[in-house]
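Take a look at the structure below.
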Amino acid sequence: MSEPQAPKGTYDLLPDDAEGRDLVVATAAVVFAAYGYRRIVTPEFEDTALFERGVGEATDMVRKEMYTFSDKGGRSLTLRPEGTAPICRAYVEHGMHKLPQPVKLWYYAPMFRYERPQAGRYREHFQLGAEAIGSADPQVDAEIIAMLAQLYEELGIGELRLAVNSMGDQVCRPAYVERLRDFLGGRQAELCPECRERTQLNPLRTFDCKKETCRAVLGEAPQIVDHLCADCRAHFERVTLLLGDIGLDPQVDFRLVRGLDYYTRTTFEFSSAHLGAQSGVGGGGRYDGLIELIGGSPTPGVGFGTGVERISLVMGVRESAKSGPDAYFVCYDERLRARVFTLVQQLRSELLLEVDLDLAGRTPKGQLKQADRSGALRAVLVGLEWLDPGTARVRDLRNGDEDDVALDALADWFAAANDTAEGAP
RNA sequence: GUGGAGGUAGCUCAGCUGGUAGAGCUCCAGGUUGUGGCCCUGGCGGUCGCGGGUUCGAAUCCCGUCCUUCACCCCA
């Protein structure tokens, strides 16, 4: 064990970046509130069975990406790999079906998946997400997509592509999957080994393949949009219509097959051309069978998750507008250190001013240098030998203006300075 | 799990075909500004990722391993 290091696929958010993160989350909170969503916080880990049943035994997520462990009581627990199943669990557990439907919830939480890290992908990553549970109305689908689009807009992210698709439901999807399997069965020779395997396991996944030869074959494959039942077709048309009405430009993409089993009907994804291989910024869909699957009564739902690391990537590096403290105290006489300490404390507690002082035993020159580097508005020079012992010199570090102030009057001086500063435009 | 690239001071990097490690920035101090920003000087700071091998001698070549990174898979 030499240099300590964050675990593979994890990272430290250092102060400069944490401020940007706070801004993203704060913006989301405001946008989500406008749509009537309220925040929910669920545990970082859940019973493993929740994800196995909810997300689906056949998905990559539960087959090879979960951080699963047993606690000392022998329970099998799993670090949350996605946000929807836990929220549905909470919905059922707390009887939220008694609330006015749909129940609208949002979250900001870390997700854990054991994957090989790469650009925009981590083993611990953070998602902002929202779920609207209890209504099958296509307006809810459109609303939640609009909400996510607005979040991106408020954050200044442009040029995102919105892809939508419908996965059908229990009525029409099985028949379509069979039809697709038949089609693929007849074209096996043209498919890559992986796609040949998928033909039996999960034919829908072949749409994800990026190999040219496979894409060519899939281009001729039957598309689910042409095989939806009447209800699903009407729902899908309504969603796309509403999205168009509010100025979004949804592109129907029959390849959009998301990797979680619970999706029904609407699926959607926002992607960016500036992200590298992992281009998805956020996505989600409807999951009308999920609540029942995890033990509730049949309840429809729709939601999304969006990765904040990817949001940061598309937003690019933004200069942190961190401003310096209001004042930095410089002590010219070691015997006055204690006096300076109490003065600083007084300004902080009485006026809530951001005030700093030297905590590293620097020389007076070093302290003033530090005051400058910290970006402080003012330096308060205490203990200058040619001044009254009870007087400090307050210097504006921007323009050099100086004012001599009695130590006892410093708090009043700063209070007054603050008032005029706030009164000014 | 598979493949490509890379791992030298806190940061960004140099170090050619092997001869016992350098720069800039940062940090600390001194000088000059009656007391900061510029400039000058000095100082702190490296088991050259780790382990093995070849060699008189390896940061430099070979093997392994760990980590980082990009891509596949899949997803946020």
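Please read all numbers here as calculations on a predicted model, not as lab measurements. By convention in this document, chain letters (A, B, ...) are assigned in the order of the sequence lines, proteins followed by strands, and residues within each chain are numbered from 1.
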Checklist entry - What nucleotide, of B:rC73, B:rC28, B:rA71, holds the atom closest to the side chain of A:Q278? => result B:rC73

Checklist entry - What are the two closest heavy atoms between A:R63 and A:A58, and how far apart are they? => result NE-O, 3.3 Å

Checklist entry - What interatomic distance, in whole Å, is found between C1' of B:rA9 and the corresponding atom of B:rC48? => result 10 Å

Checklist entry - When rounded to the nearest Å, what value does the distance between C1' atoms of B:rG45 and B:rG22 take? => result 13 Å

Checklist entry - Do A:R255 and A:D253 pass the salt bridge (Lys or Arg N to Asp or Glu O under 4.0 Å) test, and can you show the C-alpha distance, the side-chain angles, and the key distance before you say yes or no? => result CA-CA 5 Å; A:R255 295 180 190 278; A:D253 182 353; 5.1 Å; no

Checklist entry - Checking all strands, does A:L397 fall into the base, sugar-phosphate, or nothing category for heavy-atom contacts under 4.0 angstrom? => result base

Next on the checklist: With a 4.0 Å limit, can you tell me whether A:K8 has a side-chain N or O closer than that to the phosphate oxygens OP1/OP2 of B:rU68?
Outcome noted: yes

Checklist entry - Which value, in whole Å, describes the distance between the C1' atoms of nucleotides B:rU65 and B:rG7? => result 13 Å

Next on the checklist: Can you say whether a donor on the side chain of A:E124 sits under 3.5 Å from an acceptor on the base of B:rA76, or the other way round?
Outcome noted: no

Checklist entry - If we call it a pair only when both distances are under 3.5 Å in a Watson-Crick or G-U wobble match, what pairs with B:rU35? => result none

Checklist entry - Should the pair A:R378 and A:Y328 be classed as cation-pi, given the thresholds of under 6.0 Å to the six-membered ring centre and 45° from the axis? => result no

Checklist entry - Checking all strands, does A:Y122 fall into the base, sugar-phosphate, or nothing category for heavy-atom contacts under 4.0 angstrom? => result base

Item to check | Check: A:F32 ring centre within less than 6.0 Å of A:W106 ring centre | outcome: yes

Checklist entry - In whole Å, what is the span from the CG atom of A:L256 to the C1' atom of B:rA76? => result 14 Å

Checklist entry - B:rG19 and B:rU12: how far apart are their C1' atoms, nearest whole angstrom? => result 28 Å

Checklist entry - Looking only at heavy atoms, what is the nearest atom pair of A:L256 and A:M167, with distance? => result O-SD, 4.0 Å

Item to check | Phosphate OP1/OP2 of B:rC27 contacted by A:R373 side-chain N/O (<4.0 Å) | outcome: yes

Checklist entry - Using purine N1 to pyrimidine N3 plus N6-O4 or O6-N4 for Watson-Crick, or N1-O2 and O6-N3 for G-U wobble, both under 3.5 Å, which nucleotide pairs with B:rG18? => result none

Checklist outcome for this item: Scanning all shown strands, the Watson-Crick or wobble mate of B:rG7 with both distances under 3.5 Å is B:rC66

Checklist entry - NA contact type, A:A371, heavy-atom cut-off 4.0 Å: base, sugar-phosphate, or nothing? => result nothing

Next on the checklist: Taking A:K365 first and then A:D358, would you say they form a salt bridge - that is, a charged N and a carboxylate O separated by under 4.0 Å?
Outcome noted: no

Item to check | Contact nearer the 5' end of RNA chain B, comparing A:Y114 with A:S279 | outcome: A:Y114

Next on the checklist: Regarding A:Q5, tell me which of base, sugar-phosphate or nothing describes its non-hydrogen contacts under 4.0 Å with the strands shown.
Outcome noted: sugar-phosphate

Checklist entry - A:G129 near the nucleic acid: base, sugar-phosphate alone, or nothing, with a heavy-atom cut-off under 4.0 Å? => result nothing

Next on the checklist: Which nucleotide, if any, forms a Watson-Crick or G-U wobble pair with B:rG45, using both distances under 3.5 Å?
Outcome noted: none

Next on the checklist: Under a 3.5 Å distance rule, please check whether A:Q367 uses its side chain to pair with a backbone N or O of A:C331 as donor and acceptor.
Outcome noted: yes

Item to check | Sugar-phosphate only, base, or nothing, as touched by A:V281 at under 4.0 Å among non-hydrogen atoms | outcome: sugar-phosphate

Checklist entry - Given the C1' atoms of B:rC50 and B:rU8, what is the spacing between them in whole Å? => result 14 Å

Checklist entry - Using purine N1 to pyrimidine N3 plus N6-O4 or O6-N4 for Watson-Crick, or N1-O2 and O6-N3 for G-U wobble, both under 3.5 Å, which nucleotide pairs with B:rG1? => result B:rC72

Checklist entry - A:M147 and A:V31: which non-hydrogen atoms are nearest, and at how many Å? => result O-CG1, 3.8 Å

Checklist entry - When we call it a touch if two heavy atoms are under 4.0 Å apart, what does A:E65 touch: a base, just sugar-phosphate, or nothing? => result sugar-phosphate

Next on the checklist: Roughly how many Å apart are B:rG24 and B:rC62, using the C1' atom of each and rounding to a whole number?
Outcome noted: 34 Å

Checklist outcome for this item: Ranking B:rU35, B:rA29, B:rC70 by distance to the side chain of A:Q118, first place goes to B:rC70

Checklist entry - On a whole-Å scale, what distance lies between the C1' atoms belonging to B:rG51 and B:rC67? => result 15 Å

Checklist entry - What is the distance from CG of A:L151 to P of B:rA76, rounded to the nearest Å? => result 16 Å

Checklist outcome for this item: Re B:rA23: Watson-Crick or G-U wobble partner, both distances kept under 3.5 Å, found to be B:rU12

Next on the checklist: In whole Å, measure the gap between the P atoms of B:rC39 and B:rU26 for me.
Outcome noted: 9 Å

Checklist outcome for this item: Any strand, both distances under 3.5 Å, Watson-Crick or G-U wobble: B:rG57 pairs with none

Next on the checklist: Please classify the nucleic acid contact of A:G284 as base, sugar-phosphate, or nothing, using heavy-atom distances under 4.0 Å.
Outcome noted: nothing

Next on the checklist: From the set B:rA71, B:rU35, B:rA76, return the single nucleotide nearest to any side-chain atom of A:R121.
Outcome noted: B:rA76

Checklist outcome for this item: Residue pair A:R398/A:F126 against RNA chain B: nearer the 5' end by closest nucleotide is A:R398

Item to check | Phosphate-side-chain proximity, A:T306 and B:rA76, N/O vs OP1/OP2 below 4.0 Å | outcome: no

Next on the checklist: B:rC28, OP1 or OP2 - any side-chain N/O from A:R362 closer than 4.0 Å?
Outcome noted: yes

Next on the checklist: Of the listed nucleotides (B:rA71, B:rA76, B:rU35), which one gets closest to any side-chain atom of A:A277?
Outcome noted: B:rA71

Next on the checklist: For a quick check of understanding: with a heavy-atom distance under 4.0 Å over all strands, which category does A:K365 fall into, base, sugar-phosphate or nothing?
Outcome noted: base

